[in-house]
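First the proteins, then the strands, lettered A, B, ... as listed; each starts at 1. Below, each value reflects all heavy atoms present in this structure, side chains not excepted, and no hydrogens, waters or symmetry copies.
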Protein chains: 2
Amino acid sequence: MMNDLDFLKLAFKEAKKAYFEDEVPVGALIVIDGEIIAKAHNKKESLKDPTKHAEIEVIKKACKVLDRKVLDDATIYITLEPCLMCAGAILNARIKKIVYGAKAPKFGVLTSLGNVFEDFKFNHAPIVVGPLMEDEVSEIMKSFFKNKR
Amino acid sequence: MMNDLDFLKLAFKEAKKAYFEDEVPVGALIVIDGEIIAKAHNKKESLKDPTKHAEIEVIKKACKVLDRKVLDDATIYITLEPCLMCAGAILNARIKKIVYGAKAPKFGVLTSLGNVFEDFKFNHAPIVVGPLMEDEVSEIMKSFFKNKR
């Protein structure tokens with residue numbers, strides 16, 4: 001049976017796809033009961049759409065596949081700590097658990113800039129696990145931004 | 001020349017469209033230099049997509065119309081105080097100014113549950129104006145949820 005790190009490694013494969021498409025390399029997976037429901041990666045640059053983060057895309061895909069707007073039995077695997085928008089999308093979809101790879105020091109809202117699920121009194125909050133892949137994810141992020149310069 | 005309240009009233013027209021489509025009645029407008037770039041309303045229910053809030057939709061539309069992913073010269077007019085996801089989308093699009101109609105006591109992150117742009121140290125933050133239409137917006141929200149029960 002696959003564990004959190006196994007699924008996170010598959011999300012990392014999605015991040016690599018983004019990398020080779022010249023997108024900020026972030027990947028995401030939605031899993032329910034050990035089954036992969038949807039995969040996605042960041043497409044913000046190519047589509048010139050600031051909302052096309054991997055997390056938003058994977059939530060949209062999973063809702064479409066399952067034909068429902070509540071994912072309260074799902075875990076989202078993301079290579080990078082989510083931004084404010086994506087933490088909010090995860091909350092709105094009522095996702096049960098977040099597993100993330102590496103911290104996002106400049107915009108992450110689970111630990112880097114604070115913990116939005118502790119600081120704000122929402123009516124529910126996902127379980128958070130991570131960072132579980134700090135080295136590999138930090139490396140691909142650094143490589144990406146180095147090449148951009 | 002139109003002022004903030006005039007534009008907000010147009011966003012309220014969008015909210016009414018949502019109301020008659022059996023969607024939570026929230027409307028949004030993106031304006032640059034007094035020109036309306038995009039209008040949208042909430043479509044979460046009909047499309048079973050938890051990310052289809054009015055704010056996300058109007059940002060996507062404006063980026064498409066303008067063919068760019070940064071809206072740092074734009075004002076977003078929204079009938080209701082934004083949720084975490086939408087505040088994050090507004091941040092990611094680098095929108096200059098938010099004007100909102102009424103507080104959202106259960107999920108609003110500009111004043112109701114806290115002020116996310118003050119509590120978190122992002123690298124920039126929009127100017128926030130509101131609530132400017134508390135009575136009309138609260139009334140349509142109450143009417144919507146009353147009919148739902």
Side-chain angles (χ1 to χ4, degrees), chain A residues 23-24 42-53 55-72 74 82-95 104-126, chain B residues 23-24 40 42-53 55-72 74 82-95 104-125:
Chain A
E23 294 281 355
V24 178
N42 183 27
K43 293 195 172 183
K44 188 166 63 94
E45 302 301 325
S46 56
L47 298 173
K48 289 186 186 168
D49 180 338
T51 74
K52 286 208 166 285
H53 284 192
E55 298 91 323
I56 301 279
E57 294 306 290
V58 84
I59 289 170
K60 281 177 173 291
K61 280 188 187 177
C63 288
K64 200 162 188 177
V65 167
L66 301 170
D67 194 32
R68 55 178 160 103
K69 65 182 173 59
V70 172
L71 303 174
D72 53 358
C83 75
L84 190 69
M85 173 181 75
C86 292
I90 290 165
L91 185 78
N92 290 356
R94 298 199 209 150
I95 288 175
K106 288 183 188 168
F107 59 78
V109 295
L110 299 187
T111 176
S112 297
L113 300 183
N115 183 337
V116 80
F117 296 129
E118 283 181 3
D119 297 350
F120 285 73
K121 300 294 161 216
F122 298 114
N123 56 3
H124 70 111
Chain B
E23 295 280 354
V24 179
N42 183 28
K43 294 196 171 183
K44 189 166 63 95
E45 303 302 323
S46 56
L47 299 173
K48 290 186 185 168
D49 181 337
T51 74
K52 285 207 167 286
H53 285 192
E55 297 92 321
I56 301 278
E57 295 305 288
V58 83
I59 289 171
K60 280 177 174 292
K61 279 187 187 176
C63 288
K64 200 162 187 178
V65 167
L66 300 170
D67 193 33
R68 54 178 159 105
K69 64 182 172 56
V70 172
L71 303 174
D72 53 359
C83 74
L84 191 69
M85 173 181 75
C86 292
I90 290 165
L91 186 77
N92 290 356
R94 298 198 209 151
I95 288 175
K106 288 183 186 167
F107 59 77
V109 296
L110 298 188
T111 177
S112 296
L113 301 182
N115 183 337
V116 81
F117 296 129
E118 282 180 4
D119 297 351
F120 286 73
K121 298 293 162 218
F122 299 113
N123 58 3
H124 70 112

* Does A:Phe120 reach the side chain of B:Leu84, with side-chain heavy atoms less than 4.5 Å apart? -> no
* Asked: Quick one: side-chain contact (heavy atoms from CB on, under 4.5 Å) partners of B:Asn115, sequence neighbours excluded?
  -> B:Phe117, B:Glu118
* Sub-4.5 Å side-chain heavy-atom contact between B:Asn92 and A:His53 -> yes
Per-pair distances, 0.1 Å, donor-acceptor, side chain in residues 57-66 of chain B, under 3.5 Å, sequence neighbours excluded:
{"unit_1": "B:Glu57", "atom_1": "OE1", "unit_2": "B:Lys52", "atom_2": "NZ", "d": "3.2"}
{"unit_1": "B:Glu57", "atom_1": "OE2", "unit_2": "B:Lys52", "atom_2": "NZ", "d": "3.4"}
{"unit_1": "B:Lys60", "atom_1": "NZ", "unit_2": "A:Asp49", "atom_2": "OD2", "d": "2.9"}
{"unit_1": "B:Lys60", "atom_1": "NZ", "unit_2": "A:Thr51", "atom_2": "OG1", "d": "3.1"}
{"unit_1": "B:Lys61", "atom_1": "NZ", "unit_2": "B:Lys39", "atom_2": "O", "d": "2.8"}

* Asked: So which of A:Lys106, A:Lys44, A:Glu45 has the largest heavy-atom pair count under 4.5 angstrom toward chain B?
  -> A:Glu45
* Structure fact -> Whatever's closer than 4.5 Å to a heavy atom in chain A on B:Val70 counts as neither
* Do B:Met85 and A:Leu91 come close enough that some side-chain heavy atom pair is under 4.5 Å? -> no
* Asked: Once you round to the nearest 0.5 Å, how far does NZ of A:Lys69 lie from OG of B:Ser46?
  -> 11.0 Å
